[in-house]
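Each chain gets a letter, A, B and so on, in the order the sequences are listed, and its residues count up from 1. The structure displayed is predicted, hence computed values, not measured ones.
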Number of protein chains: 2
Amino acid sequence: MSGIADVARIAGVSKSTASRALTGGGYVSESTRQRVIDAARVIGYVASPNAASLVTGRTKNVGVIIPFVNRWYFGEVLEGIEDGLLACDYDLTLYNVRPGTTSRARIFEHFLARKRFDGIITIGIEPSPAELARLVSLERPVVALGGQLPGIASVSIDDVAVSRLATEHLIGLGHTRIVHIGGERSDDLVGSVHGRRLTGYMDAMEAAGLGAQILYVPSDMSVPGGYAAGVQVIGDPRNRPTAISAASDEVAVGTIIAARRTGMEVPSDLSVVGVDGHEYAEMFSLTTVEQSPREQGAAIVDLLMDALEGRPSADHVLLHPTRLVVRSSTARPRPEAMTRS
Amino acid sequence: MSGIADVARIAGVSKSTASRALTGGGYVSESTRQRVIDAARVIGYVASPNAASLVTGRTKNVGVIIPFVNRWYFGEVLEGIEDGLLACDYDLTLYNVRPGTTSRARIFEHFLARKRFDGIITIGIEPSPAELARLVSLERPVVALGGQLPGIASVSIDDVAVSRLATEHLIGLGHTRIVHIGGERSDDLVGSVHGRRLTGYMDAMEAAGLGAQILYVPSDMSVPGGYAAGVQVIGDPRNRPTAISAASDEVAVGTIIAARRTGMEVPSDLSVVGVDGHEYAEMFSLTTVEQSPREQGAAIVDLLMDALEGRPSADHVLLHPTRLVVRSSTARPRPEAMTRS
DNA sequence: AGCGAGTCGGGAACCGGTTCCATGGACACG
DNA sequence: CGTGTCCATGGAACCGGTTCCCGACTCGCT
């Protein structure tokens, strides 16, 4: 174990000079700086972040609070964040607060209190008031992805617009009996992603004079969830819709699988549109509104870095380069279906 | 910011006594211990892990090196590990060494050298000799999941047996023209999971006297990868197989989607068997050999904890409660297909 | 020549804990 | 009553860096 004292001795300087040379603060002549750096390289010296952060108060580490790692969106975002943090020389500690586990309370009460990080990124989390107070009490910058919180800078896409765009695509094709799968009635419609996407669907329907046809089915935001909801929606042949506006691509894919299982053809019997730009979208020829979670990860890292460096930054960043990619899971409805409506 | 000095002052004892009372070492009378604990609770004191680890050398943190977070297997394993570590009061820092990025070298050279952890878990990683040397030079216990390394304790399932079991199921149904999708010829057949599953397939074929029929197609271990390979295998109607033994469920699902796209029925035209027990398996009625990544995550944490506590432990733990779950993606081959062989 | 500003480097304090060592009291035993 | 052991506690050193403060030296200017 070689410490900075060894480096200093080899370079023939004092600890303080060695530290200045390596961290780049204060006055050090170019020649001695070089000598110190060489000495450090020779013995393979790497500063202990523990010791450094003890005095500087900065850990070069950020905490990421995330509900899932193996849902596509969250996985992609996480990888985007990891890349961004690596580039800024930060480590990443993972706090996985999966719903339905007891770990959430323990993480908020116990693990976060250790303050092993300079800042926190939350992803798709809606903290309770108590949790929010906890976060604030850490006295570290907190930024949120996908959900606005009072007093916390955030990044998100315009979920209302995205879902409205998807629904308008179906309406433009001539569909009128369109069901939305994903949003849950119990959700706070302003706060949650699910809720905002439901709102987008409803906005589009109302704008087209189809307010009376609004119908939505709650679903887990996953392929199996979409499958189950799809089975339910398709199950009743009498008031079967001609199109589905799904809140995510995973839901959309699940719905497509359910439709095929039931012997329905996509898109001739049923059009399906999703939101995400999932890696499976192409395979299923899924029409979807793309968002790029990796970029969102990068953006949230930028925002946090602004806060850490004390740079001024926006309260809220709205990423909007989302675009509709039309593939062959959507088409005009069958004529008989149209008249039957 | 309250430190242990504040706790000590409030409790009316010295720093050293306060420390002993809170960490549980040395002699402290029950009454003063209680007084200290109360004082700590009153001011919401949480010890700085940085300061503590500076002197103890233990960080209460482990590093996890993982190639993907959003492949099902890896995501599940990661969640299993997170749960296990939380239970032991450890934090988790994530080192994501996605193939095809430059981050891998930076992580091994730069980030690991910071030694912010008491131990390392690698998942499905095959380190180069240089990387292995790096890991050893950290002087911290390293354990590996899914891949044996010289001098490193590990946990894995019997990939050869698992794949053999899957293939034997197809042979038992009467299939003879069975293609394996997944393994790559270039892989070290002993070292990699892909390779071992290929070996299991070949073993089963040879044992059944079908050695001459052995055929395998390399593929990315993902749904799109399986889809692409499936298209390729099915593409040539002349020597189309009657069954596919896929190296993972994601590959199997991709193959099923490809088959359906081509108008083939599963299982009547093509039987498909996978390995994993993926969350999509039921939806696709996939016959598969289940493994439980979450348990593997728990097991690898146990192994690391043994090493950290200095307990003796096995060099290698072979988890074998893997079982074949038969659903309806596999069936007897069509008679004409059998004779045509 | 005298002086101030700017540059360079060393000594020592400090971050917030843990642990070694010394001290002192209580108690048992010869 | 002296002495040894055990228990409880406090003081101080220490972990490995960073940073404050101060002294010395150089240089340019009056």
Side-chain angles (χ1 to χ4, degrees), chain A residues 1-40 43-61 89 91 113-118 138-140, chain B residues 1-40 43-61 89 91 113-118 138-140:
Chain A
M1 274 307 301
S2 47
I4 199 172
D6 302 306
V7 175
R9 192 161 22 75
I10 294 178
V13 296
S14 68
K15 270 175 62 181
S16 32
T17 304
S19 174
R20 277 188 295 256
L22 293 171
T23 59
Y27 292 113
V28 186
S29 72
E30 194 44 49
S31 62
T32 59
R33 152 166 291 128
Q34 206 42 248
R35 253 196 354 272
V36 171
I37 290 177
D38 287 348
I43 63 173
Y45 167 79
V46 177
S48 150
N50 274 330
S53 66
L54 190 55
V55 41
T56 60
R58 320 209 64 199
T59 61
K60 282 288 182 180
N61 185 45
D89 202 34
D91 281 311
R114 292 184 178 173
K115 304 192 191 181
R116 303 196 110 150
F117 36 74
D118 296 334
L138 297 173
E139 295 175 315
R140 304 266 187 287
Chain B
M1 274 308 301
S2 49
I4 198 172
D6 301 304
V7 175
R9 191 163 22 76
I10 295 177
V13 296
S14 68
K15 269 174 62 180
S16 30
T17 303
S19 173
R20 277 189 295 256
L22 294 171
T23 59
Y27 291 112
V28 185
S29 74
E30 194 43 49
S31 63
T32 59
R33 150 165 292 125
Q34 205 43 249
R35 251 194 358 270
V36 172
I37 289 177
D38 288 349
I43 63 174
Y45 167 79
V46 176
S48 151
N50 275 330
S53 65
L54 190 56
V55 43
T56 61
R58 320 209 66 200
T59 60
K60 281 287 182 181
N61 184 45
D89 202 35
D91 280 312
R114 292 184 179 173
K115 303 193 190 180
R116 304 196 111 152
F117 36 73
D118 296 334
L138 298 173
E139 297 174 313
R140 303 266 188 288

Do the side chains of [Y] and [X] get nearer than 4.5 Å, heavy atoms only?
X	Y	answer
A:R33	A:R20	no
A:K60	A:P49	no
A:R116	B:D91	yes

Self-check item: Any B:Y27 side-chain N or O less than 4.0 Å from OP1/OP2 of D:dA8
Solution: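 No, B:Y27 has no side-chain N/O under 4.0 Å of OP1/OP2 on D:dA8.
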Quiz item: Is there a donor-acceptor pair closer than 3.5 Å between any side-chain N or O of B:D6 and the backbone N or O of B:G3?
Solution: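 Flag set: sc B:D6 to bb B:G3 pair under 3.5 Å.
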Quiz item: Donor-acceptor pair, B:S19 side chain versus B:K15 backbone, under 3.5 Å?
Solution: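 No: the side chain of B:S19 does not pair with the backbone of B:K15.
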Quiz item: In Å, rounded to the nearest 0.5 Å, how long is the span from CG of B:N61 to CG of A:N61?
Solution: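 B:N61 atom CG to A:N61 atom CG measures 7.5 Å (nearest 0.5 Å).
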Quiz prompt | Sequence-aligned protein contact record of nucleotides 15-28 of chain D, with B where the base is within under 4.0 Å of a protein heavy atom and S where only the sugar-phosphate is | solution = BBBBBB--------
Practice problem: Find the bend of the helix from C:dA1-D:dT30 to C:dG30-D:dC1 as the angle between its two terminal axes (five pairs each), to the nearest 10°. | Solution: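 The angle, to the nearest 10 degrees, is 60°.
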Practice problem: Figure out the CD/C1' separation between A:E30 and C:dT7, and round it to whole Å. | Solution: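 Nearest whole value for this atom pair: 14 Å.
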Quiz item: Heavy atoms under 4.0 Å, any strand shown: does A:S53 hit a base, just sugar-phosphate, or nothing?
Solution: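 Nothing, no heavy atom under 4.0 Å.
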Quiz item: So, B:T32 and B:S29: side-chain donor and acceptor under 3.5 Å apart, yes or no?
Solution: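 Present: a donor and an acceptor within the cut-off.
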Exercise. Apply side chain to side chain donor-acceptor pair (under 3.5 Å) to A:S53 and A:T56, showing your working.
Key: CA-CA 5 Å; A:S53 66; A:T56 60; 5.7 Å; no
